[in-house]
Amino acid sequence: MDLSLIIVIAAAFGLGLMLALLLMSRRRGAGNDDARSDIQEVSGRLAQMAESQAAVQARLAEQMQAQERALSKAVEERLADFSKRIGDR
């Protein structure tokens, strides 16, 4: 598996776990102060996860662009070689 896919899956799992914990604490009748602090904590974690995902997405975009450039270069080289072979005949 690709590292970025693992990171995305872990982030999604973490988000689901945090939301489940938040919902469970609300059902237990936690006070408003506890719920607010939980919400603030979850919001902070979500912001961190969003920043992390943005960084991963940027890195993936760079990798894809590098692969595209390498593929384009390889295709151009092969086409030039093929054209040279056809021209020599």
Atom pair CD1 (Ile86) and CG (Leu79), whose distance is rounded to the nearest 0.5 Å: 10.5 Å
Say you draw a straight line from CG of Leu46 to CD of Gln53; how long is it, rounded to the nearest 0.5 Å? 11.0 Å
Check: Asp81 and Arg85 side chains under 4.5 Å, non-hydrogen atoms: yes
Going by the rule side-chain hydrogen bond (donor to acceptor under 3.5 Å, both in side chains), which residues pair with Arg69 if we only count those two or more places apart in sequence or in a different chain? none
Sequence neighbours excluded, the answer for side-chain contact (heavy atoms from CB on, under 4.5 Å) partners of Gln57 is none
Nearest-0.5 Å distance that lies between atom CE in Met64 and atom CG in Leu71: 12.0 Å
With heavy-atom distances below 4.5 Å as the criterion, would you say the side chains of Arg78 and Val75 are in contact? no
Can you check whether Ile39's main-chain N or O pairs, donor with acceptor, with Ser43's side chain at less than 3.5 Å? yes
Could you grab the distance from atom CZ of Arg45 to atom CD of Gln48, nearest 0.5 Å is fine? 8.0 Å
